[in-house]
Amino acid sequence: MNIRQIFKNYYPALLVFFCLTAFTLYSYSEITNATKARREKLFEQRVARATDVLKRRITDYTQILRGCQALFYASDSVTADNWEKYVANLNVSDNYAGIQAIAYAAYIKKNEVPEVEARIKKSGYPDFKIVSDFRNDHLTPIIFIEPFRGRNLRAFGFDMYSESIRKETMGRALETGKPAMSKKVTLVQETTEDIQPGFLLYLPVYRSPETTRTTEDRKKNIIGFVYTPFRGYDLMEAILKSFSDIHIEIYDGNKPSEKSLLFNSDSILHRPSTKGELVSDTSIYMAGAQWKIVVSSTEMFGSNIEKRQPDLVLILGLAITFLMVVIAVNNIKNRSRVVEELQLSKEVEKKKDEFIGIASHELKTPLTSIKAYIQLLERSDLKETERTFVRKAIAQIKKLNSLIADLLDVSKIQAGSLRLQIDTFLLSELISESIETVNHIYANHQIVLEPEIPNVVMKGDKFRLEQALNNLLNNAIKYSPGSRTVFIKGKQIDDHVTIEVKDEGIGISRENQALIFQKYHRAEGLSPTLSGLGMGLYISNEIVKRHQGKISVTSEPGKGSIFTIYIPIHPDFDKAGFNA
Ligand code: ADP
């Protein structure tokens, strides 16, 4: 089979394939787009939420520092003891996880160092020492730090002005009077292990809040800074722990680099760096600092079902396509098998008809000779018994002859070669001659003719119409074993005539009435004495049809049948299909 033939035979299956595949791909792309749009929206919301949480936390910390600042404004002097109690009361570790410490650095002149050291030592810290390079005129040593333990002890006494980033941030806080966030630093609290990026949030403390209107006022009245140092990873882990479905990197400033990295959620969550397909890059500004936040989705982002939806649609669609194509191919194969079988049975039927035609033809010739010899024999000098046998033989030969004639007619009808001899004749002639012929065969039966057959001159093949009528009369007698009378009626109705043959015989069931005009059809359950081959009605019907007429039947089983021939008086034999 070449491509052309495949296409010709299987185009419905190909059509199913192309339509369903196109529909599947279309649905796949639509669902992919919709899913992508939903995921993007969800991602945007997650990023906004994470950023919001981060900002709120920093605002919370600023508020804590404002509380610390207020402590100074509320009392004449704040002692280490006050500080410890105040901070302990904040319960930072429970409420504000991620804060490394809350501390206070005093703003002092270089020449005040010995006095400050002495004062702190006296207050219960004999080892206190200000750690500084003493390059600046002013120092900002950390004098209160809570919780006062562990890493935080390393920061106690450290002069933050001796380090440039801290000094710059504190200077900014001092001059503006507002919270100031430092750039990335390494906290002095860091040991050699688990070093994390850090940053600090400062709030200046002035002599009194009323004396801070101008920058000059603020510079004159600054007494120190409350501040909180943060270890980047500890802080962000506390804030962002509920965002495990997104990967977050926070950079100090606006240029992401290894150096400016404040936080990378991968190191916290101990999962491999999985950059998803969704990425967002935003900057936030807090307390004078700019942070760049780069977020990307992880494999855990979004619902799994939703992620798989397009693939499911694709797989399902292709599976249905495959199934439908298989069904279509099967149907086509079945159909072509049925067509082939039909063709084959038609061919067998044709061959059978051809065989019947040839066989009947071949039988006819020897039968004619036999008949001639027997007739000669009949004329010779025979004894009475011999003559009886010869007559019986002639009767049987006549039967055989008519059987062969029927077979030949069937094959002629099949081949479309049954020719009519058109002439004019009287309806009364047709009917009376037919009665005569049948009476000849069935001498013991009576054919009752309704009187007054109209004197209609008809046109058609009288011989063939008589053959049809003979057959109806023969059947009427043959299928009425219990009755000896058959009725025949001829009528003219406008331009038509009807010939009605009525018997009081076995009748025909409704199902059989629809089938008896078919070739070789006989009603089931007929008595074996009622011989026949089911050709008579088929031939009769074809003859009448060739005269543009029809034969109808009404019957009731057990009561009898009425066969009616209905033909135009002058059929139009020139009409297509009715040529003589
Ligand atoms: P055949 O008589 O040789 O069987 P026909 O074609 O003449 O063939 O008739 C077909 C079938 O119609 C018969 O076998 C019979 O069953 C039924 N039939 C025809 N005429 C009559 C009738 N007058 N009464 C009952 N059955 C009939």
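Side-chain atoms are counted along with the backbone in the values below, which use heavy atoms only and exclude waters and symmetry mates. Read the numbers this way: they start at 1 and go in the same order the structure lists the ligands and their atoms.
Residue His521 has at least one heavy-atom neighbour below 4.0 Å for each of these atoms of ligand 1: 10 (C), 11 (C). Heavy-atom contacts of Gly507 reach the following atoms of ligand 1: 25 (C) (cutoff under 4.0 Å). Within ligand 1, the atoms closer than 4.0 Å to a non-hydrogen atom of Ala523 are 14 (O), 16 (O), numbered from 1 in the order shown. In the vicinity of Leu533, heavy-atom distances shorter than 4.0 Å reach the ligand 1 atoms 3 (O). Using a 4.0 Å cut-off to heavy atoms of Ile516, the atoms of ligand 1 that qualify are 11 (C), 12 (O), 17 (C). Atoms of ligand 1 found under 4.0 Å from any heavy atom of Met535 (numbered from 1 in listed order, with element): 6 (O), 8 (O).
At a 3.5 angstrom cut-off on N or O pairs, Ile508 does not count as close to ligand 1. Residue-to-ligand polar distances keep Gly532 apart from ligand 1: every N/O pair is separated by 3.5 Å or more. Distances between N or O atoms of Gly536 and those of ligand 1 include at least one value under 3.5 Å. For ligand 1, the polar-atom distance check against Tyr538 finds no nitrogen or oxygen pair separated by under 3.5 Å. For Ser531, no nitrogen or oxygen atom sits less than 3.5 Å from a nitrogen or oxygen atom of ligand 1, counting backbone and side chain alike. Inclusion of Arg522 in the set of residues having an N or O under 3.5 Å from an N or O of ligand 1 is warranted. Looking at Phe563 next to ligand 1, no N or O pair under 3.5 Å apart turns up. When only interatomic distances are considered, the shortest N/O to N/O separation between Ile506 and ligand 1 does not fall below 3.5 Å.
Residue Phe517 places every heavy atom at 4.0 Å or more from ligand 1. Ligand 1 lies out of reach of Gly505, whose nearest heavy atom is not under 4.0 Å from it.
At the top of the distance list for atom 8 (O) of ligand 1, counting protein heavy atoms only, stands Gly534 CA, 3.1 Å. Of all protein heavy atoms, the one closest to atom 6 (O) of ligand 1 is Leu537 N, 2.8 Å. Summary of contacts: the protein heavy atom closest to atom 23 (N) of ligand 1 is Asp503 OD2, 2.9 Å. Of the protein's non-hydrogen atoms, Asn475 ND2, 2.7 Å is the one closest to atom 7 (O) of ligand 1. If you check which protein heavy atom lies closest to atom 13 (C) of ligand 1, you get Tyr479 OH, 3.3 Å.
Here the two rings, on Phe517 and Tyr538, have centers that are 6.0 Å apart or farther. The aromatic ring centres of His547 and Phe573 sit less than 6.0 Å apart.
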| task | Begin from the C-alpha positions of Gln414 and Asp353 and carry the test side-chain hydrogen bond (donor to acceptor under 3.5 Å, both in side chains) through to its verdict. | result | CA-CA 7 Å; Gln414 289 298 124; Asp353 287 339; 3.1 Å; yes
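Distance alone, capped at 3.5 Å, places no donor-acceptor pair between the Gln396 side chain and the Ala393 backbone. Side chain of Ser480 to backbone of Ser483: no donor-acceptor contact under 3.5 angstrom is found.
Taking 4.0 Å as the cut-off between side-chain N and carboxylate O, Glu44 and Lys41 do not count as a salt-bridged pair. With respect to the salt-bridge test (charged N to carboxylate O, under 4.0 angstrom), the residues Arg387 and Glu378 do not qualify. Salt bridge absent: Asp423 and Lys462 never bring a charged side-chain N and a carboxylate O closer than 4.0 Å. Between Lys478 and Asp503 there is no salt bridge, since none of the side-chain N atoms of the basic residue sits less than 4.0 Å from a carboxylate O of the acidic one.
Ring planes of Tyr11 and Phe7: tilted class, angle from 30 to 60°.
The side chain of Leu526, and not its backbone, has at least one atom closer than 4.0 Å to an atom of ligand 1 (non-hydrogen atoms only; side chain from C-beta on). For Asn512, no heavy-atom contact with ligand 1 is shorter than 4.0 Å. Only the side chain of Ser561 comes within 4.0 Å of ligand 1, counting heavy atoms alone; its backbone N, CA, C and O stay farther away. Heavy atoms of Lys478 found under 4.0 angstrom from ligand 1 belong exclusively to the side chain.
In this model, a donor atom of one side chain and an acceptor atom of the other lie less than 3.5 Å apart for Glu249 and Tyr251.
Annotation: the span from Leu316 atom CG to Asp311 atom CG amounts to 12.0 Å, rounded to 0.5 Å. Taking CD from Glu504 and NZ from Lys502, the interatomic distance works out to 6.0 Å, rounded to the nearest 0.5 Å. Considering CE of Met236 and CG of Leu262, their distance stands at 6.0 Å, rounded to 0.5 Å.
Within 6.0 Å of OH in Tyr373 there are 12 or fewer heavy atoms belonging to other residues, nucleotides or ligands.
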